[in-house]
Amino acid sequence: DDRNRLLYHKLTLFVNMKLSIAASLLCLSAPTYGFAPQASLARQATSLSVASSSPPSTSTSSDSSDWAPSSWSRKNVAQPPNYEDEEELKRAIEKLEGCSPLVFAGEVRTLHEQLARACSGQGFVLMGGDCAEAFNEFNVDHVRDTFRVILQMALVLTFGSAMPVIKIGRMAGQFAKPRSEPDEVRDGVTLPSYRGDNINREDFTPEARRHNPFNMVEAYHQSAQTLNILRAFSTGGYADISRLHAWNLDFVEQTEEGSRYRQFATKVDESLRFMKAIGVDTSSPAFTKTDFYTAHECLLLPYEQALTRMDSTTGRWYDCSAHMLWVGERTRQLDGAHLEFTRGIGNPLAVKVSDKCTPEELIQIIETMNPQNIPGRLSIIVRMGAEKLRKNFPGLIRAVQREGKSVLWISDPVHGNTRKTENGYKTRDFDNIRAELRAFFDVHDEMGSHPGGVHVEMTGEDVTECVGGMSDVTEKTLADRYQTYCDPRLNGAQALELAFLIAERMRVRTGLPPIE
């Protein structure tokens, strides 16, 4: 009768929804060899030699004959270090050139493949980590806590989008930071600005602020340790999907009864129970291991050149300091050294743009960094602030669509929202970050394009650096645990709250019913 048909229809819808969600959760942890044990990479095995000769014609550059790992040195270098002793610099570079690659070509190509799928709307990128890593802050717990929060965010985003989430950490190399002024003045004393631990130290002394090339060697060794920790955690069971969900439940316990976060977590829990009920083994490696990649700003070019290697399998150059690199807003000059270096390497690349970037300039940047228009090769990280984004972003998308360029659009909702409080603390307002993300999704809805990812400065620790959000940090409480060496970061609770908000928006966009 009609009642039975209606019941059958509702049951069918419920099962289809659960199967869709189950498929998306399978995407979360299904390993595709990023950070997999090298024994399982036989078909992708590669021999990497030190970059010492010109690359074959298979380079990703449109004209490889005039490119070499050192060709950037013939260009204008923005934000250059000032090394006083050339012989000392030479010794440090030679030391780095003799070191093993931090990442391998097979891992880089796997990431490229995943980003290519995201370009066609079949994936979402989550990039997160410290503003700047520091030598004296390094420890296993710090790496683990940030890795854990990124995985928690990815689980929420996967559920919300019903698509794979590509997890990339601002880790194992994010040391150097650009600066507005080359010098800093305190009490009438002028010293070089702090540029990140791989260039100089934060202490306000002549010795600490000296640009020391051997800091690059120390940064390499810390990055190697960080990568070892990440590889162990991503493949050793720490990424178990049930454990991630339990951690998320700890977060929602802090929210009000009946909040949308609790409702969301309940749906995830139902989906995991459903998967087990239909015979899916959630204790299998697909649910206990995960892909995880690293990225950092391509700023300190002597370091990047020293870790560039040729892949003997393909004949291409790869910067083996990270899986992915981006060029910042302050160093993306069309005739500059940073675009010159990145155009010749085979890694996935990104470039950060603000409201200062015109559509014409963006097209020139794309044609320089990705002349062959290869999907997954180039991501555009947009950082403008909500109001400027609504005004300027549509023109950038329109130009890319008109020229038929393949890029992945990623939102950086933090850098355009930094301000200084009356008592001197740099901070960011959670509400402003949320507003820029909302504008990012709104513009993509209007333009018919794919919002491909989010890039945030965050930490797994309970710091008080950004105000607002559920953690209820205020300007008065910033001093409680203000620990950043550079820009303010979202703490673990704020980052996870942001993931829930993005997931809700993505559910609507992908046609899934809203959480009620």
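Everything numeric here is computed off the predicted structure, so don't read it as measured data.
Closest of all the heavy-atom pairs between L102 and S223 is CD1-CB, 3.9 Å. Here the closest non-hydrogen pair linking V467 and T427 is N-OG1, 3.6 Å. V149 approaches G460 most closely through the heavy-atom pair CG2-CA, 3.7 Å.
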- Item | side chain to side chain donor-acceptor pair (under 3.5 Å) between Q79 and T331, worked out | CA-CA 7 Å; Q79 300 279 328; T331 55; over 6 Å; no

- Query: Going through the checks in order, is the ring-ring contact (aromatic ring centres under 6.0 Å, His included) test met by W326 and H455?
  - Reply: CA-CA 12 Å; W326 74 83; H455 177 124; 5.0 Å; yes

- Query: Is there a ring-ring contact (aromatic ring centres under 6.0 Å, His included) between F393 and H444 once you walk through the steps?
  - Reply: CA-CA 9 Å; F393 192 30; H444 280 294; 5.2 Å; yes

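Using a distance-only test at 3.5 Å, with no hydrogens or angles considered, no donor-acceptor pair links the side chain of R428 to the main chain of T418. Judged purely by atom type and a 3.5 angstrom limit, N491 uses its side chain to pair as donor or acceptor with the backbone of Q494. Without hydrogens or angle criteria, N392 side chain to K388 main chain gives a donor-acceptor distance under 3.5 Å. A donor-acceptor pair under 3.5 Å links the side-chain atoms of E329 to the main chain of S354, judged by distance alone. Judged by distance alone, with hydrogens and angles left aside, the side-chain atoms of E133 form a donor-acceptor pair with the main-chain N or O of A172 at under 3.5 Å. D311 contributes a side-chain N or O that, together with a main-chain N or O of T313, makes up a donor-acceptor pair within less than 3.5 Å.
Residue E436 holds its CD atom at 10.5 Å from CZ of R390, rounded to the nearest 0.5 Å. How far CZ of R377 is from CG of L408: 14.5 Å, rounded to the nearest 0.5 Å.
Residues K167 and T290 bring a donor and an acceptor atom of their side chains to less than 3.5 Å of each other. A donor atom on one side chain and an acceptor atom on the other are not found under 3.5 Å apart for H450 and Q122. Judged purely by distance below 3.5 Å, without hydrogens or angles, the side chains of E457 and H415 pair a donor atom with an acceptor atom. Side-chain atoms of D130 and H142 include a donor-acceptor pair closer than 3.5 Å.
Comment: E465 engages R489 in a salt bridge, judged by a side-chain N to carboxylate O separation of less than 4.0 angstrom. Taking the charged nitrogens against the carboxylate oxygens, K352 and E297 have no contact shorter than 4.0 Å, which rules out a salt bridge. The pair K289-D240 fails the salt-bridge criterion, with no side-chain N (NZ, NE, NH1 or NH2) lying under 4.0 Å from an Asp/Glu carboxylate O. Comment: D442 engages R505 in a salt bridge, judged by a side-chain N to carboxylate O separation of less than 4.0 angstrom.
A parallel orientation is assigned to the rings of F147 and F233, their planes being inclined by less than 30° (bins at 30° and 60°). Below 30°, between 30° and 60°, or above 60°: for F124 and F441 the angle between ring planes is below 30°, a parallel geometry.
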